[in-house]
There are 2 protein chains.
Amino acid sequence: MPFEERLGGDIKRVEHDLMLVKQQAVRPAGLTVAQYATLLVLNEHPGVSAAELARRCRVTPQTMTTILRNLEAADLIARVPHEVHRNVLETRLTEAGRAAFEVADERASAVERRLADEFSAEERKTLRALLARCSKALTDQA
Amino acid sequence: MPFEERLGGDIKRVEHDLMLVKQQAVRPAGLTVAQYATLLVLNEHPGVSAAELARRCRVTPQTMTTILRNLEAADLIARVPHEVHRNVLETRLTEAGRAAFEVADERASAVERRLADEFSAEERKTLRALLARCSKALTDQA
DNA sequence: TGACGGCTATCAGAGCTCTGATATAGCTTC
DNA sequence: GAAGCTATATCAGAGCTCTGATAGCCGTCA
């Protein structure tokens with residue numbers, strides 16, 4: 001199958017473009033895209049565990065450990081042991097973390113809005129349905 | 001904008017699924033996805049420069065340098081100075097490189113085929129058109 | 001009670017990817 | 001010929017991502 005006919009190439013290209021644009025968007029806040037995504041989940045679910053963060057951000061726990069290490073070094077998050085489960089660390093935004101997130105979120109949301117505005121509601125629905133089928137086709141009995 | 005409503009999340013998820021499945025596909029050949037993609041272009045365009053490879057694989061020249069370093073260390077490619085332009089290095093597959101590529105390509109193509117078979121010709125056309133508009137919306141006046 | 005399975009967290013290491021900076025070659029223009 | 005532009009290649013460094021391996025905590029169940 002020739003290179004250009006592969007659906008994977010189209011998916012890869014869009015994701016790549018998205019990453020580049022988002023990177024430029026969150027950069028002024030001093031964040032990477034992965035850090036922004038982590039802070040986004042953290043903002044909606046304070047005190048969540050690293051393992052749960054990893055699942056929601058779709059990365060491995062090891063990857064999340066790396067991201068959290070950098071965020072903690074920059075004092076954007078704080079991690080404290082769970083009340084009951086001593087093995088679990090609860091992670092929360094610091095004041096600086098929330099501030100950085102809000103700066104980044106304003107710009108990142110604008111990117112998402114620009115993307116969404118390209119399509120009608122009907123088209124968005126179609127696109128999401130097709131993408132969901134891609135995931136299904138790829139994941140089923142992989 | 002809530003996390004789940006973002007189109008970027010859907011795109012990210014599909015790309016992520018694709019990478020995982022492809023990684024599993026090319027792994028038995030001893031290749032990474034990036035290496036496989038590089039060998040794929042190299043197979044279709046022997047003697048191409050690293051800069052051109054970078055453009056076709058949609059990575060920076062620096063990233064391609066890293067990939068080529070690993071491929072050369074594994075004797076899967078050979079690089080020789082260009083006849084005229086001494087500044088340019090021509091890259092070609094070695095015998096081992098071609099062998100590894102063919103093993104990987106058989107399995108990777110199967111993944112692409114599985115993905116393509118999920119859709120009718122009409123649906124594929126629609127999906128690609130929508131994805132192209134995503135790229136356009138993201139890239140224009142970024 | 002103790003073994004087991006499942007969850008948590010993290011270290012180690014390889015590889016990919018980016019930004020930033022540097023050096024060289026060739027072509028164009030003055 | 002020198003200046004400047006463009007393209008090549010690569011080093012340096014930070015960060016993300018994966019696989020593999022290790023270790024601790026908690027529940028269940030024999």
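Each chain gets a letter, A, B and so on, in the order the sequences are listed, and its residues count up from 1.
Heavy atoms of A:T32 sit under 4.0 angstrom from primed sugar atoms or phosphate atoms, though from no base atom. Counting non-hydrogen atoms under 4.0 angstrom, B:Q23 reaches the backbone sugars and phosphates but no base. Within the nucleic acid shown, B:S49 comes within 4.0 Å of sugar-phosphate atoms alone, with no base atom in reach, counting heavy atoms only. Within the 4.0 angstrom heavy-atom criterion, only backbone atoms of the sugar-phosphate kind lie near A:Q35; the bases stay farther away.
Per the geometry, CD belonging to A:E15 stands 11 Å off P belonging to C:dC18, to the nearest Å. Protein atom CD of B:Q62 is 12 Å distant from nucleotide atom C1' of D:dT8, rounded to whole Å. Look at CD on B:E90: it is 13 Å from C1' on D:dT8, rounded to the nearest Å. Distance A:L53 CG to C:dT8 P: 11 Å, rounded to the nearest Å. The distance from atom NZ of A:K22 to atom P of C:dT19 is 17 Å, rounded to the nearest whole Å. Summarising the geometry, the separation between CG on A:L76 and C1' on D:dG15 is reported as 14 Å, rounded to the nearest angstrom. Distance, B:M64 CE to C:dC18 P: 10 Å, rounded to whole Å. Counting to the nearest Å, the P atom of C:dG15 and the CE atom of B:M19 are 15 Å from each other.
No side-chain donor-acceptor contact under 3.5 Å links B:T66 and B:T63. Donor-acceptor pairing under 3.5 Å is recorded for the side chains of A:S135 and B:D17.
At C:dA9, none of the side-chain N or O atoms of A:T65 fall inside 4.0 Å of OP1 or OP2 (strictly under the cut-off). Contact annotation: A:T66 side-chain N/O to D:dG15 OP1/OP2 distance is not under 4.0 Å. Distances shown here put a side-chain N or O of A:R79 below 4.0 Å from the OP1 or OP2 atom of C:dT10. In this structure, A:N70 does not reach the D:dA14 phosphate: none of its side-chain N or O atoms is under 4.0 Å from OP1 or OP2. In this structure, A:R69 reaches the C:dC11 phosphate: one of its side-chain N or O atoms is under 4.0 Å from OP1 or OP2. At least one side-chain nitrogen or oxygen of A:T60 sits closer than 4.0 Å to the OP1 or OP2 atom of D:dC18. Between A:H16 and C:dC16 there is no side-chain polar atom (N or O) within less than 4.0 angstrom of OP1 or OP2.
The listed nucleotides are C:dT10, D:dT8, D:dC16; the one nearest the side chain of B:V88 is D:dT8. Out of C:dG15, C:dT8, D:dT10, the shortest distance to the side chain of A:R55 is found at C:dT8. Relative to the side chain of B:L89, the nucleotides D:dT17, C:dT17, D:dA9 differ in distance, and D:dA9 lies closest. Of the candidate nucleotides C:dT8, C:dT10, D:dA12, C:dT10 has the atom nearest to the side chain of A:P61.
Environment of NZ in B:K12: sparse, with no more than 12 heavy atoms of neighbouring residues, nucleotides or ligands closer than 6.0 Å.
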Exercise. Which is it for A:E122 and A:K125 under the salt bridge (charged side-chain N to carboxylate O under 4.0 Å, His left out) test, yes or no, and what are the steps along the way?
Worked result: CA-CA 5 Å; A:E122 185 68 25; A:K125 192 177 164 190; 5.4 Å; no
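Each of A:A51 and A:L20 has a nearest nucleotide on DNA chain C; the 5'-most of these lies closest to A:A51. Each of A:A34 and B:E52 has a nearest nucleotide on DNA chain D; the 5'-most of these lies closest to B:E52.
Using a 4.0 Å cut-off between a side-chain N of Lys or Arg and a carboxylate O of Asp or Glu, B:R92 and B:E90 qualify as a salt bridge.
Not one N or O on the side chain of B:Q23 forms a donor-acceptor pair closer than 3.5 Å with the backbone of B:L20.
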